[in-house]
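Only one structure is covered here, and it is reproduced in the block below.
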Amino acid sequence: MQVQMTPAVFKPMAALARLGYSVDVVCAGSFCRELPLDHGLVPFAERTFGDIKRLEPPLGWRGWAQARFKGLARVPDLMTVLHQPAYEELMGRDLTRYEAVMTWSPFHSVNSVMAKVKAQRKGVRWIAQFSDPWAGNPLEIDIRTKLWNTWHEPWSIRRADHIIHSSPHSLDLMFRGMRAPLRSKTGVLPHVYNRDLYPARPKANNEHIVLRYVGVLYGRRSPEPVFEALGRLFQRRPALRGQVVVELVGLVPPEMLQTPAALALPAGTIRTVAQVGYLESLQLMYDADVLLLIEADVRRNLFLASKVADYVGAGRPIVGIVPPGASQEAMQSLGAWHARPSDITGIESALEGAIDHVRTGYSGSNCNESFRSMLSGEHVARQFADIIRKG
């Protein structure tokens, strides 16, 4: 299924397999009709991993009830319907064969499954990875999910042998207050890019300077600051009109393209592209002239999106429209242009810097190569291996 965590899990685990580990996978089958299918990584997974077990929702009365009462069956997330199949699958395996069992969020319901397994198989080493905050996530609005998370998080934290976050800010949120003594079993490892997944050919030559955003836009994650800043830049430097295109790849609410700032831009400046598969998204990143990172306008960003690693791996200049927090710190470490979503003047300056960078004829990244290497699959896989060996 085309969900963000599919590549986010595949890339570090594939890198770990290249280090010599044998990796078996228990994952969701294609049971959810609401999510589009993306088969792009399947051949890579089948060549890389050992056993791949895809789970389906249960049959019988349990399956009927979950299908009948979808609202309850999706608290806290879509994977709730796989709790029992996942538990039965794990309990039916000889888990002593594995150095560790790893669970991956933000489908946080998987942790309650492994906590239940851990209660029965205390000798199994459990490493839990979090890419989003769990309880206390400021972007979560469903009260039922909030209550579920608050109840289940402490239970899982106590039973996990090691906990990994992709951002120090989400780690701090989880281990605040009385949980501080448990920080000794935690660590921070970023999302990664896998260089083998990008095109091996030269970058495409674009007719215009293409500023490309790849991903979903919604609510507070809006391209409006880009439109406003670009309008100001065109007023100040009219020669750039007609030379620059903003391309939005993925789901875009139509109303975001009908604002005064959007309509004031020259015709053809804004282009939209329908949602694409993961490998195609990497090609689009690779062929962009500038990559736009647009984050929600919140007080503090607690997590570093996996897309940031993919952007870095593409080797293109990046402009980040990011609030304070994990994404802003990544942009600073990379040496990328960035500004807060509310800082239109700062965004204008950042866009101008990136556009002039491209106009000089340089198509590569201006990023700090030392920091870039820290997001490579090879580098992070070695750190995962260290954590596994400590068991």
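No hydrogens, no waters, no symmetry mates; every other heavy atom, side chains included, goes into these values.
No side-chain heavy atom of Lys118 sits under 4.5 Å from any side-chain heavy atom of Lys122. Looking at Gln328 and Glu295, their side chains never come closer than 4.5 Å, going by heavy atoms from C-beta outward. Considering only heavy atoms from C-beta on, Thr272 stays 4.5 Å or farther from Val249 through its side chain. Put simply, the side chain of Pro106 does not reach to within 4.5 Å of the side chain of Phe303, judged on heavy atoms. No side-chain heavy atom of His379 sits under 4.5 Å from any side-chain heavy atom of Ser373. Contact check for Thr269 versus Val244: no side-chain heavy atoms found under the 4.5 Å cut-off. Taking the side chain as every heavy atom from C-beta outward, Ile318 and Val290 never approach each other to under 4.5 Å. Side-chain contact between His357 and Trp337 is present, with at least one heavy-atom pair separated by less than 4.5 Å.
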Stepwise salt bridge (Lys or Arg N to Asp or Glu O under 4.0 Å) test for Arg183 and Asp172 = CA-CA 9 Å; Arg183 288 184 72 110; Asp172 289 342; 2.9 Å; yes
Determine, stepwise, if the pair Leu35 / Gln2 fulfils side-chain contact (heavy atoms from CB on, under 4.5 Å).
-> CA-CA 6 Å; Leu35 294 173; Gln2 192 171 5; 5.8 Å; no
CA sep, side-chain torsions, deciding dist, call: Arg201, Asp287, salt bridge (Lys or Arg N to Asp or Glu O under 4.0 Å) | CA-CA 10 Å; Arg201 55 171 172 76; Asp287 285 331; 2.7 Å; yes
For side-chain contact (heavy atoms from CB on, under 4.5 Å), just list the numbers for Leu55 and Glu89, CA-CA rounded to whole Å, side-chain angles, deciding distance to a tenth of an Å, and then say yes or no.
-> CA-CA 9 Å; Leu55 304 175; Glu89 173 66 27; 4.2 Å; yes
Side chain to side chain donor-acceptor pair (under 3.5 Å) between Tyr98 and Arg93, worked out | CA-CA 10 Å; Tyr98 301 97; Arg93 289 183 178 232; 3.1 Å; yes
Worked verdict on Glu140 versus Asp142 for side-chain contact (heavy atoms from CB on, under 4.5 Å) | CA-CA 6 Å; Glu140 180 57 65; Asp142 189 302; 3.4 Å; yes
Can you list the steps and then say if His108 with Trp148 is a ring-ring contact (aromatic ring centres under 6.0 Å, His included)?
-> CA-CA 10 Å; His108 299 301; Trp148 193 98; 8.6 Å; no
Step by step, work out the side-chain contact (heavy atoms from CB on, under 4.5 Å) result for Phe49 and Asp24.
-> CA-CA 6 Å; Phe49 302 136; Asp24 290 345; over 6 Å; no
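Of the N and O atoms on the side chains of His165 and Ser170, at least one donor lies less than 3.5 Å from an acceptor on the other residue. The closest side-chain donor-acceptor pair between Arg232 and Thr345 falls under 3.5 angstrom. For the residue pair Ser105 and Asn111, a side-chain donor N or O sits within less than 3.5 Å of a side-chain acceptor on the partner. There is a side-chain donor-acceptor pair under 3.5 Å between Trp126 and Thr103.
For the pair Asp94 and Arg121, the salt-bridge criterion is not met [side-chain N within less than 4.0 Å of a carboxylate O]. Using a cutoff of 4.0 Å between basic side-chain nitrogens and carboxylate oxygens, Lys203 and Asp289 are scored as salt-bridged. Taking the charged nitrogens against the carboxylate oxygens, Arg389 and Glu99 have no contact shorter than 4.0 Å, which rules out a salt bridge. Looking at Asp196 and Lys11, no side-chain N of the basic residue comes within less than 4.0 Å of a carboxylate O on the acidic one, giving no salt bridge. For Glu348 and Arg237, the salt-bridge test fails: no basic side-chain N is under 4.0 Å from an acidic carboxylate O. With salt bridges taken as basic N to acidic carboxylate O contacts below 4.0 Å, one links Glu247 and Arg212.
Leu211 contributes atom CG, which lies 5.0 Å from atom CD1 of Ile355 (distance to the nearest 0.5 angstrom). To the nearest 0.5 Å, atoms CE (Met114) and CE (Met102) are separated by 11.5 Å. Interatomic distance, CG of Asn137 versus CG of Leu302, reported as 7.0 Å (0.5 Å rounding). We find the CE-SG distance between Met1 and Cys27 to be 8.5 Å, quoted to the nearest 0.5 Å. Atom-to-atom distance recorded for Leu240:CG and Gln243:CD is 5.5 Å, nearest 0.5 angstrom. With rounding to the nearest 0.5 angstrom, the CG atom of Leu147 is 11.5 Å from the NE2 atom of His152.
Looking at Tyr311, its side chain does come within 3.5 Å of a backbone N or O of Leu292 through a donor-acceptor pair. No side-chain donor-acceptor contact under 3.5 Å links Ser349 to the backbone of Gly346. Using modelled atom types, one side-chain atom of Lys307 and one backbone atom of Val214 make a donor-acceptor pair closer than 3.5 Å. Side-chain atoms of Asn206 never come within 3.5 Å of backbone atoms of Ile209 as a donor-acceptor pair (strictly under, hydrogens ignored). For the pair Asp77 (side chain) and Ser109 (backbone), a donor-acceptor distance under 3.5 Å is present. A donor-acceptor pair under 3.5 Å links the side-chain atoms of Asn301 to the main chain of Ser327, judged by distance alone. At least one donor-acceptor pair closer than 3.5 Å links the side chain of Lys185 to the backbone N or O of Ile157. Panel note: side chain Arg340, backbone Pro324; no donor-acceptor pair is recorded below 3.5 Å. Remark: side-chain polar atoms of Ser333 are paired, donor with acceptor, to backbone N or O of Glu329 under 3.5 angstrom. Not one N or O on the side chain of Ser166 forms a donor-acceptor pair closer than 3.5 Å with the backbone of Val188.
Listed here is the closest heavy atom pair of Pro57 and Phe31: CD-CB, 3.5 Å. Nearest approach of Pro190 to Met374, heavy atoms of both residues: CG-O, 4.0 Å. The two residues Gly29 and Glu56 have their closest heavy-atom pair at CA-OE2, 3.6 Å. Taking each heavy atom of Phe384 and Pro12 in turn, the nearest pair found is CE1-CB, 3.9 Å.
Around the CG atom of Asp51, the shell of radius 6.0 Å holds more than 12 heavy atoms that belong to other residues, nucleotides or ligands. The environment of Ile143 atom CD1 is dense: over 12 non-hydrogen atoms of other residues, nucleotides or ligands sit within 6.0 angstrom. The environment of Glu207 atom CD is sparse: at most 12 non-hydrogen atoms of other residues, nucleotides or ligands sit within 6.0 angstrom. Counted within 6.0 Å of CZ on Arg33, heavy atoms from surrounding residues, nucleotides or ligands total 12 or fewer; the atom is thus considered open. The environment of CZ in Arg236 is crowded: more than 12 heavy-atom neighbours from other residues, nucleotides or ligands sit within 6.0 Å.
When the side chains of ILVMFWY residues are joined at heavy-atom separations under 4.5 Å, either directly or via intervening members, Leu189 and Val110 end up in two distinct hydrophobic clusters. There is no path of hydrophobic side-chain contacts, each under 4.5 Å, that joins Trp155 to Val113.
In this pair, Phe10 and Phe44 present their aromatic rings perpendicular. The plane angle is above 60°, beyond the 30 to 60° band.
For residues 186-238, the set of pairs meeting the ring-ring contact (aromatic ring centres under 6.0 Å, His included) definition, not counting sequence neighbours, is empty.
Both tests hold for Arg316 against Tyr286: distance to the six-membered ring centre under 6.0 Å, angle to the ring axis within 45°.
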